[in-house]
Number of protein chains: 2
Amino acid sequence: MSGATPRVFSTRQYPCEACPLRPLKVFRDFEPEELTFISKFKKGELSVEKGSAVLVEGSHSAHLYTVLSGWGFRYKLLPDGRRQILNYILPGDLVGLQGSLMGEMQHSVEALSSMLLCVFERQNLTILYRNHPGLAYDLTWIAAREEQMLDENLLSVGRRNALERAAYLIAFLHGRAKSVELNGHRQVEIPVTQQHIADTLGLSLVHTNKTIRKLIDRGMIRWREGSCEILDAEGLAAISGWHGLPETKRPLM
Amino acid sequence: MSGATPRVFSTRQYPCEACPLRPLKVFRDFEPEELTFISKFKKGELSVEKGSAVLVEGSHSAHLYTVLSGWGFRYKLLPDGRRQILNYILPGDLVGLQGSLMGEMQHSVEALSSMLLCVFERQNLTILYRNHPGLAYDLTWIAAREEQMLDENLLSVGRRNALERAAYLIAFLHGRAKSVELNGHRQVEIPVTQQHIADTLGLSLVHTNKTIRKLIDRGMIRWREGSCEILDAEGLAAISGWHGLPETKRPLM
DNA sequence: CGACTGTTTGAACGCGTTCAACTGCGGTGG
DNA sequence: CCACCGCAGTTGAACGCGTTCAAACAGTCG
């Protein structure tokens, strides 16, 4: 279910001043001194390949990460192996804040594609809180955003039926992906297998397959081996009764 | 489903210096200057009665609250009225942080019993972040804790069966209630109806009733009109395969 | 070529839903 | 005072959404 864990610290390829994400209009503008701090805060880059573990439940990680590129997901397991995917992780997202604050990781993170991560050291958080109240506020904001997404997910898994759930999830991921698309206006592709979808929706693989087929037959998505292409995001949102993501600017660490 | 909204700002009865919660051993010790700030930060007290709305989805609240006494819950609704309870709110918990940070509330909060709330003004958060990095850290910590609880809930609703879900939920609430019990060693009572349990677990009322009956028959809980008494918390945890709450100290705003 | 991953399909089963009806209790008003 | 209502809980029966079991196919990789 999760491959080996090869952690290669590459040399730093993206100085924060030339961050490819920061220019995107979803991210708020930062003050020069904030950027300077973040740049110092950043300790390097980590490249992980598809299927490998980024963080492991029960471990004490000394780092937290911002995703530069690639997709991942957070999940928890029950003792007998049942898996629940909690949320997905896209470029611009912060990973490992929970663990940094509370010590032990309570969930795991795995890469859905190859990923490039900015590495920050947990211990420097104290300095951040002491000297950069704006960034401290941002961290709380980021945690609150994750909470909002979980609220939505929980609503979905708890109260929507299979078709509504699938439609919501795909529309949701489509929205998130669009907001951090570098190359703009191409069809969005979600790099997941149907097993991932099943483990997110709380459904079996078989029934997930049959549900996805309905969405395909309605012309709303296209499915390729290991990825999902969205054709009709509004249609999906309509099925689930979902109103889309807020358009607020957000911070980027 | 939610009654009227009578909001009575009573005079301040509990100065922070004589806070009945703060002496509890679950809460971390605070520095004198932190207490002084919190005391100034606190603008009054709000008393709400059972069944009334504390916060409403879509509204822009100027306040955030710490629960002094009583129980409440956060929930979301689908357009057709299906309700999902996201989490419960107990004494010592902070309410409305999401809304304070992001503007519009994305969920509602309702009182399960009469509640007494400490009222803080949203706009003073800036001062907190600027002058009290320790408290700022605490706010992020509190948000991360909520995220952890949601993770657990999502795992439960997504991957546990009805009996496991019910057992987990009741054990979880038992643990939280115990940690903030003022009067110590009495049987914990959870002030919910079976409809609340159903809307938390993502089950129908009828099936929730039948599931709860199994727990009653096994001698693990007792049910009274509108409240649940826990008799065998370990038994419940065992059914669900849950390992209990962490024992870390936490902040109290 | 064989092994493996991801997807697909059919069929039987069963957990949980839905519909319906009834109980007990407390409050309310005629 | 009692009839009436509504809420919380309970129970039975039929139904159906989603699970489970089983088998098969396509594509990739060594």
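For clarity, every value in this text was computed on a predicted model and none was experimentally measured.
Put simply, CG on B/Asp199 is 11 Å from P on C/dT17, counting in whole angstrom units. Whole-Å rounding puts the B/Glu164 CD to C/dC15 P distance at 12 Å. Regarding A/Lys210, its NZ atom lies at a distance of 13 Å from the P atom of D/dT20, rounded to whole Å. Nucleotide C/dC15 holds its P atom 20 Å from the CZ atom of B/Arg213, rounded to whole Å. Note: CD (B/Gln195) to C1' (D/dG9) measures 11 Å, nearest angstrom. Distance, A/Arg160 CZ to C/dT17 P: 17 Å, rounded to whole Å. What separates CD of B/Glu225 from P of D/dG6 is a distance of 17 Å, to the nearest Å. When the P atom of D/dC21 is taken as reference, atom CG of A/Leu205 falls 14 Å away, rounded to whole Å.
The side chain of B/Arg224 contributes no N or O atom lying less than 4.0 Å from OP1 or OP2 of D/dA8. Look at B/Asn209 and you'll find a side-chain N or O under 4.0 angstrom from OP1 or OP2 of D/dT10. The side chain of B/Gln194 places an N or O atom within less than 4.0 Å of a non-bridging phosphate oxygen (OP1 or OP2) of D/dT10.
Between A/Arg159 and A/Ile212, the residue whose closest nucleotide on DNA chain C is further toward the 5' end is A/Ile212.
For the pairing with B/Trp71, the side-chain contact (heavy atoms from CB on, under 4.5 Å) check across B/Val192, B/Ile89, B/Leu173 returns one residue only, B/Leu173.
Under the 6.0 Å distance and 45° angle rule, A/Arg176 does not count as a cation-pi partner of A/Tyr88.
In this model, no donor atom of one side chain and acceptor atom of the other lie less than 3.5 Å apart for A/Gln84 and B/Asp151.
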Item to complete: For B/Glu147 and A/Gln98, run side-chain hydrogen bond (donor to acceptor under 3.5 Å, both in side chains): C-alpha distance rounded to whole Å, both residues' side-chain angles, the deciding distance at 0.1 Å, then the answer.
Response: CA-CA 8 Å; B/Glu147 192 187 319; A/Gln98 264 191 43; 2.7 Å; yes
